[in-house]
Amino acid sequence: MSKPSIPKGTRDFLPQVMVKRNYIFDTIKSVFQTFGYLPIETPTMEKTETLMGKYGEEGDRLIFKVLNSGEFLNKSNKEAFTDNNSIRFANSIVEKALRYDLTVPFARFVVQNRNEIDLPFKRYQIQPVWRADRPQRGRYREFYQCDVDVVGSESLLYEVELIQIFDKVLSSLKLEDFTIKINNRKILSGLVEVVGESDKLIPITVAIDKLDKIGEEGVVKELREKEVSESAIEKLKPILTISGSNENLLEAVSLIVSSSEIGVKGIEELTEVLEMVKSLGLDKAKLEFDPSLARGLNYYTGAIFEVKANNVNIGSICGGGRYDDLTSIFGMKDLSGVGVSFGADRIFDVLEELDLFPKELLSSTQLMFANFGKLEAKQSMKWLKELRAHGIPSEIYPDNSKMKKQMTYANNKNIPFVALVGENELANNSITLKNMETGDQNSYTIKELVIFFNATRF
RNA sequence: GUGGUUGUAGCUCAGUUGGUUAGAGCACUGGUUUGUGGUACCGGGGGUCGCGGGUUCGAAUCCCGUCAUCCACCCCA
């Protein structure tokens with residue numbers, strides 16, 4: 001048998017990593033709940049028809065498909081097989097797939113459970129998703145998304161609320177320098193309408209989205225490759241070059257799209273959101289209107305968001321937007337939704353790189369009893385029971401090993417205190433407490449110990 | 001899916017124009033210290049050099065294939 005290993009782009013998580021991951025999840029959950037969102041879960045697998053076609057052509061390719069069980073070959077499309085038609089053949093032997101994100105399953109969930117929920121429905125969902133992408137820095141094939149969404153309201157108050165959630169979560173995680181980028185798909189629609197290329201909305205937005213990566217020239221080159229007319233490119237150029245405050249940008253863009261009804265609507269929405277956020281104030285977040293922000297997911301129709309950690313070379317750590325039509329695909333019309341997603345794994349990488357995890361996360365056990373033999377261990381167990389009854393995380397070394405070995409174990413586990421209970425302590429009913437940081441040792445009774453640990457609790 | 005990079009000890013890596021028994025640091029382990037870790041000193045274990053084939057008297061080193069990895073593109077959390 002070869003060395004055991006796990007599939008490409010997946011990971012094992014050791015305890016010292018899990019405590020950090022849980023710190024992120026706990027922070028996110030508590031913020032979500034203070035904004036009035038409640039948890040749901042959906043299955044790991046969805047029917048392929050639920051997922052396919054919702055993420056664009058590229059997305060379909062990246063969906064992990066689950067082979068049918070049993071004698072699937074009997075029911076397979078052999079014609080498609082001999083024709084070398086992979087897609088049609090795959091459809092005949094696959095009817096389930098791993099979820100690609102949490103938003104589309106959520107839309108399905110809302111429609112399916114419409115009679116059990118009240119609108120507007122506010123939910124959060126923290127679960128892994130899978131993408132058959134090639135792994136690289138900050139990109140995994142299995143990763144967690146933490147989604148907050150609300151469906152059943154067109155109110156822009158929710159856009160504001162989600163911006164506040166971005167700010168609150170990331171500020172709570174001690175991130176100092178991050179930017180929330182915001183744009184509105186209606187503005188982009190107005191833009192392509194004004195330049196006379198309405199049918200090329202997607203290729204144009206995808207090209208514009210790459211501005212900060214490939215620069216103005218790169219975008220123009222890509223637009224030409226997508227057969228966008230020269231006159232349209234000329235009209236789009238200001239979008240690529242203008243800069244300044246949110247207000248200045250709004251004014252400039254609003255002039256460009258003024259002849260488009262939908263474009264003007266987008267400007268109005270964005271203006272309202274920006275003004276409200278400005279009057280409420282943000283903690284650490286910077287909020288920037290970025291006319292070149294587009295985002296690849298096809299279902300967005302209104303506001304779109306993306307959050308980047310500054311000074312860290314990793315893609316966006318959060319994203320989201322408003323989708324007016326997602327539930328209609330599943331048969332429920334006129335149900336607007338808006339939501340955002342936190343990329344827990346990327347946030348982890350950012351906090352790790354910036355060394356922002358609290359250091360007390362590393363130790364859970366506060367006190368370890370050294371083991372001096374059977375009698376001593378028996379007494380230590382009694383005292384342990386009492387300490388644990390008071391909620392003090394404590395443990396005992398399992399064997400009467402050499403002190404050096406026991407101490408090394410405590411040291412490696414970052415246990416701050418070791419209790420020494422040997423022959424002498426047993427005789428006078430005391431506990432010698434060693435502080436592993438300073439090396440100081442003092443004698444205590446069990447009562448004093450409980451008081452000591454309750455007092456030093458955070 | 002396209003292009004490139006790198007595979008040597010548990011981890012990070014060195015290894016000269018191909019030449020005897022493949023090295024270092026960290027980690028692990030034993031001792032100096034049989035009731036004291038984190039610092040010091042001495043010792044020890046651990047490697048089919050990713051895998052398969054080829055060239056050669058001789059391959060970790062050169063060639064071909066393959067798998068894995070990382071990076072860029074595409075796309076995205």
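To find a chain, count down the sequence lines: A is the first, B the second, and so on, and within it residues start at 1.
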Minimum-distance nucleotide to [X] side chain [options: [options]]:
{"X": "A:Arg131", "options": "B:A77, B:U36, B:C75", "answer": "B:A77"}
{"X": "A:Arg139", "options": "B:U36, B:C75, B:G35", "answer": "B:C75"}
{"X": "A:Tyr140", "options": "B:A77, B:C75, B:G35", "answer": "B:A77"}
{"X": "A:Met436", "options": "B:A72, B:G37, B:C76", "answer": "B:G37"}
{"X": "A:Ser316", "options": "B:A77, B:G37, B:C75", "answer": "B:A77"}
{"X": "A:Arg137", "options": "B:C71, B:C74, B:G37", "answer": "B:C71"}
{"X": "A:Asn424", "options": "B:A77, B:G35, B:U36", "answer": "B:G35"}

Between A:Ile214 and A:Val307, which is nearer to the 5' end of RNA chain B once each is assigned its nearest nucleotide? A:Ile214
Testing A:Phe13, A:Phe32, A:Tyr144, A:Tyr124 for ring-ring contact (aromatic ring centres under 6.0 Å, His included) with A:Phe25, which one passes? A:Tyr144
Report the distance from atom [atom1] of [X] to atom [atom2] of [N], rounded to the nearest whole Å.
{"X": "A:Arg134", "N": "B:G3", "atom1": "CZ", "atom2": "P", "value": "9 Å"}
{"X": "A:Ile304", "N": "B:C76", "atom1": "CD1", "atom2": "P", "value": "11 Å"}
{"X": "A:Gln136", "N": "B:C75", "atom1": "CD", "atom2": "C1'", "value": "10 Å"}

Using a distance-only criterion (donor-acceptor N/O pair, under 3.5 Å, no hydrogens), is the base of B:C74 paired with the side chain of A:Arg61? no
Cation-pi check for A:Phe143 against A:Arg131: NZ or CZ below 6.0 Å from the six-membered ring centre and within 45 degrees of the axis, yes or no? no
On the ring face of A:Tyr37, is A:Arg123 found with NZ or CZ under 6.0 Å from the centre and within 45° of the axis? no
Give a yes/no on whether any side-chain N or O of A:Lys402 is located under 4.0 angstrom from OP1 or OP2 of B:G31. yes
Has A:Phe143 got its ring stacked on B:A77, by the test of a centre gap below 5.5 Å and a plane angle below 30°? yes
Salt-bridge present (A:Asp177, A:Lys284; N to O < 4.0 Å): no
